[in-house]
Amino acid sequence: PGVDDLKITAEKIVNKDLLKSRLSNLAQCYLNIYKRQKRMDFYGLRDFYHFVKFLNRSTEQDVTPEILYKAICRNFGGRPEELQEAISEFMQNAGFGVEVNEIEAKLKALPESEGSISMLNVAENLKDKDARHLLIFTENNAALQILLRSSFFEERPLVLFGTDFSADQTALQTYPN
């Protein structure tokens, strides 16, 4: 699809006029990221539409740089080596002339972030009834221990993990992306 197709579909998701006025730029940014991604089709239409849904439900009036940053991280953060490129693309070309370092410092200062943008994303994802599934890749269950020691849960959660599939038994097979 082209920019116009993405915009038309996104307009059906969005119910805020100020956000609707940004959809052409956001669609163009997404297409630029899509075309430059290193592993073809890792990012797809689902990522763009969930990105737009997050922006729509997270904004009162207009998108703030902090909300845009969080939306990028939550929907285009699956390949950390490409995340900075996505952040730059959206921030520079979607009408935000804000220093990314300032946004990161502001978000890391929030108590629920525990000093980490990743932890902030996890905390917000766990509270968001409409969020996408949370998938965390790690080796040796390191992320599980960090999550269990965090302040995200009022009660100790039930954790199910493990697999009997032979292809899932090594780190190399666990996440080839």
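No hydrogens, no waters, no symmetry mates; every other heavy atom, side chains included, goes into these values. Nothing fancy with the numbering, it's 1 onward along the sequence.
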Please tabulate, one pair per line, all N/O donor-acceptor pairs under 3.5 Å involving side-chain atoms of residues 2-10, not counting sequence neighbours.
unit_1: Asp5; atom_1: OD2; unit_2: Gly2; atom_2: N; d: 3.1
unit_1: Thr9; atom_1: OG1; unit_2: Asp5; atom_2: O; d: 3.2

Kindly list each side-chain donor-acceptor pair under 3.5 angstrom involving residues 105-114, sequence neighbours excluded, with atom names and distances?
unit_1: Lys106; atom_1: NZ; unit_2: Glu66; atom_2: OE2; d: 3.2
unit_1: Ser113; atom_1: OG; unit_2: Leu107; atom_2: O; d: 3.4
unit_1: Ser113; atom_1: OG; unit_2: Lys108; atom_2: O; d: 2.7
unit_1: Ser113; atom_1: OG; unit_2: Leu110; atom_2: O; d: 2.8
unit_1: Ser113; atom_1: OG; unit_2: Gly115; atom_2: N; d: 3.1
unit_1: Glu114; atom_1: OE2; unit_2: Ser151; atom_2: N; d: 3.1
unit_1: Glu114; atom_1: OE2; unit_2: Ser151; atom_2: OG; d: 3.0

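Within the 4.5 Å cutoff, side-chain heavy atoms of Arg57 are placed close to those of Asp130. For the pair Met119/Ser150, a side-chain contact is recorded, criterion being any heavy-atom separation below 4.5 Å from C-beta on. Side-chain contact between Leu26 and Leu68: present, with at least one pair of heavy atoms (C-beta onward) separated by less than 4.5 Å. At least one side-chain heavy atom of Lys70 sits under 4.5 Å from a side-chain heavy atom of Phe54.
Pairs engaging residues 62-87 under the ring pair (Phe, Tyr, Trp, His ring centres under 6.0 Å) rule: Tyr43-Phe76, Phe51-Phe76, Phe76-Phe90 [sequence neighbours left out]. Pairs of residues two or more places apart, or lying in two chains, never qualify as ring pair (Phe, Tyr, Trp, His ring centres under 6.0 Å) while including a residue from residues 102-128.
Scanning for side-chain hydrogen bond (donor to acceptor under 3.5 Å, both in side chains) contacts around Glu89 gives Asn32, Arg36, Asn93, with sequence neighbours left out. For Asn125, the side-chain contact (heavy atoms from CB on, under 4.5 Å) test picks out Arg74, Ala131, Leu134, with sequence neighbours left out. Every residue two or more places apart in sequence or in another chain that forms a side-chain contact (heavy atoms from CB on, under 4.5 Å) with Ile13 is listed here: Tyr49, Val52, Lys53. Scanning for side-chain contact (heavy atoms from CB on, under 4.5 Å) contacts around Lys20 gives Val14, Asp17, Leu23, with sequence neighbours left out. Listed by chain and residue number, Arg132 satisfy the side-chain hydrogen bond (donor to acceptor under 3.5 Å, both in side chains) test with Asp47 (two or more places apart in sequence, or in another chain). A search for side-chain hydrogen bond (donor to acceptor under 3.5 Å, both in side chains) contacts involving Asp41 returns Tyr34, not counting sequence neighbours. Gln92 meets the side-chain contact (heavy atoms from CB on, under 4.5 Å) test with Ser88; sequence neighbours excluded.
Hydrophobic clustering, with ILVMFWY side chains joined whenever heavy atoms are under 4.5 angstrom apart, keeps Leu18 apart from Met91.
The shortest heavy-atom contact between Ala71 and Leu55 is CB-CD2, 3.6 Å. Of all the heavy atoms in Ala94 and Cys29, the pair that sits closest is N-SG, 4.1 Å.
With rounding to the nearest 0.5 angstrom, the CD atom of Glu11 is 10.0 Å from the CG atom of Leu19. The distance from atom CD1 of Ile117 to atom SG of Cys73, rounded to the nearest 0.5 Å, is 6.5 Å. Interatomic distance, CZ of Arg46 versus NE2 of His50, reported as 8.5 Å (0.5 Å rounding).
We find that Asp62 and Arg22 are joined by a salt bridge, their nearest charged nitrogen and carboxylate oxygen being less than 4.0 Å apart.
No donor-acceptor pair under 3.5 Å is formed between the side chain of Lys38 and the backbone N or O of Glu82.
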